[in-house]
Amino acid sequence: YDGACGGYLYHSKILSPNAIEEKLKTIERPNPPDCRPELIDITKNYTTNDGTVGGDNNSGDIEGEKEDRDEAAYEQIKNYLIDILNDEPDLLSGLINDARSSLASELMGELENFTESSRNELAVMHSELGLADNALEASGNILGRVFKDATISEWEAEDETGYVMGWSDIVGLHVVENTSGKYLVKVKTHLDKSYASIAIRLFEFFSNSDQGPFKNAIIASTVTEDVRQIMKNAKISVFNFVGTQIC
């Protein structure tokens, strides 16, 4: 340190371009940081074109300056990540393999859910057509997806007077109990105006039980427009097979 000149004196040496390149080759690139840099770490020392530090200038278009700082920060982050991936190709390969495995797992899960849902819907459809008699079991599987973490039970009774269908028959539905209360639920592949009156009588038939009070709901794959107002007036909730409430 030289106090006479008020600063440090540095020794300099002029090298040829070839010597400079040789020196640069011996310098090792530093390892990436242990933690990811935050946006504030990059922008806090960012200098704008007018020489002021980003964030300290209150004049001019503040919003425009903020966008410029963000764009510069994103560009630095992008270049930083590109450098890491170029220097460590194994890291990029590992990320791609992990993403591929995760995507394949998600696709298989979605395919399995779709397959199971299609089987249950076909079972309900076959029962409605009189080709099978396992509608309640398939309906229970569908309800398990719509009403998660709920207690689901089957309920069948003999309608001796023919109140529901117009003739004596065994009628049935499901009872779903969760934190919001008890539901009487009927599962249908298609809900239209022709079934609306049957559904209303079916719920009325089981609502006379002393196990209530019950809320009423129908799970249907498709619903016509004209039946929605009827269900709304009868205070019957309608959900699709995914669990989204239609009306």
Side-chain angles (χ1 to χ4, degrees), residues 108-247:
M108 286 302 299
E110 291 294 332
L111 181 58
E112 290 175 358
N113 291 335
F114 175 76
T115 302
E116 183 66 20
S117 175
S118 299
R119 286 199 187 109
N120 295 329
E121 186 173 350
L122 286 173
V124 174
M125 185 183 299
H126 288 167
S127 177
E128 293 173 352
L129 296 174
L131 303 177
D133 56 359
N134 60 339
L136 289 180
E137 178 182 354
S139 299
N141 295 333
I142 296 172
L143 292 174
R145 293 194 304 271
V146 177
F147 295 94
K148 298 186 182 300
D149 301 325
T151 302
I152 302 172
S153 58
E154 301 175 3
W155 192 1
E156 288 185 320
E158 184 177 359
D159 179 16
E160 297 179 350
T161 62
Y163 178 76
V164 178
M165 304 297 297
W167 57 86
S168 177
D169 199 358
I170 301 294
V171 293
L173 40 65
H174 280 85
V175 179
V176 177
E177 186 172 359
N178 57 16
T179 55
S180 62
K182 289 184 177 181
Y183 286 85
L184 296 176
V185 186
K186 184 66 177 178
V187 178
K188 292 284 293 180
T189 55
H190 178 69
L191 178 61
D192 56 16
K193 194 173 182 179
S194 63
Y195 187 78
S197 59
I198 298 177
I200 293 173
R201 292 195 301 270
L202 178 67
F203 289 129
E204 290 177 347
F205 177 81
F206 283 98
S207 295
N208 294 328
S209 169
D210 56 1
Q211 299 181 31
F214 297 102
K215 300 176 183 178
N216 301 323
I218 294 179
I219 312 297
S221 178
T222 57
V223 181
T224 59
E225 289 293 335
D226 55 358
V227 79
R228 299 190 182 194
Q229 189 60 43
I230 298 175
M231 295 294 102
K232 184 177 181 180
N233 294 338
K235 296 181 179 180
I236 299 175
S237 302
V238 180
F239 301 85
N240 59 22
F241 278 18
V242 180
T244 304
Q245 185 167 356
I246 299 174
C247 60

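What you see is a predicted model, and the numbers here were worked out from it, not measured in a lab. Index from 1, following the sequence.
In plain terms, the two heavy atoms of K182 and P213 that are nearest each other are CB-O, 4.0 Å. Across D159 and Y163, no two heavy atoms sit closer than the pair OD2-N, 2.8 Å. When all heavy atoms of S168 and E158 are compared, the closest pair comes out as OG-OE2, 4.1 Å. I200 and I236 get closest at one heavy-atom pair: CG1-CD1, 4.0 Å. Taking all atoms of both residues into account, the shortest heavy-atom contact from G172 to L202 is O-CD2, 4.3 Å. Residues I246 and F239 come closest through the heavy atom pair CD1-C, 4.1 Å.
S237 pairs by the side chain to side chain donor-acceptor pair (under 3.5 Å) definition with nothing, not counting sequence neighbours. Listed by chain and number, the residues in a side chain to side chain donor-acceptor pair (under 3.5 Å) with N240 amount to none (sequence neighbours excluded).
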Stepwise side-chain contact (heavy atoms from CB on, under 4.5 Å) check, S153 with V176: CA-CA 7 Å; S153 58; V176 177; over 6 Å; no
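Atoms CD1 and OH, on I152 and Y183 in that order, are 12.5 Å from each other to the nearest 0.5 Å. For the atom pair CZ (F203) and NZ (K186), the distance works out to 8.5 Å, reported to the nearest 0.5 Å. Atoms CD1 and CG, from I219 and L191 in turn, are 10.5 Å apart once rounded to the nearest 0.5 Å. Distance NZ/K188 to CD1/I218: 9.0 Å, rounded to 0.5 Å. One distance of note links CD1 of I170 with CD of E160; it measures 9.0 Å at 0.5 Å rounding.
F205 pairs in a side-chain contact (heavy atoms from CB on, under 4.5 Å) with only one of the listed residues (T161, L184, L173, V164), which is V164. When each of K232, M231, E225 is checked for a side-chain contact (heavy atoms from CB on, under 4.5 Å) with R228, only E225 meets the rule.
Within the 4.5 Å cutoff, no side-chain heavy atoms of V227 are placed close to those of C247. Using a 4.5 Å heavy-atom threshold, the side chains of I198 and M165 count as touching.
Sorted by first then second residue, the salt bridge (charged side-chain N to carboxylate O under 4.0 Å, His left out) pairs that include residues 192-203, not counting sequence neighbours, number zero.
Put simply, the side chain of K215 never gets that close to the backbone of V185: no donor and acceptor are under 3.5 Å apart.
Separation of the F206 and F214 ring centroids does not fall under the 6.0 Å cut-off.
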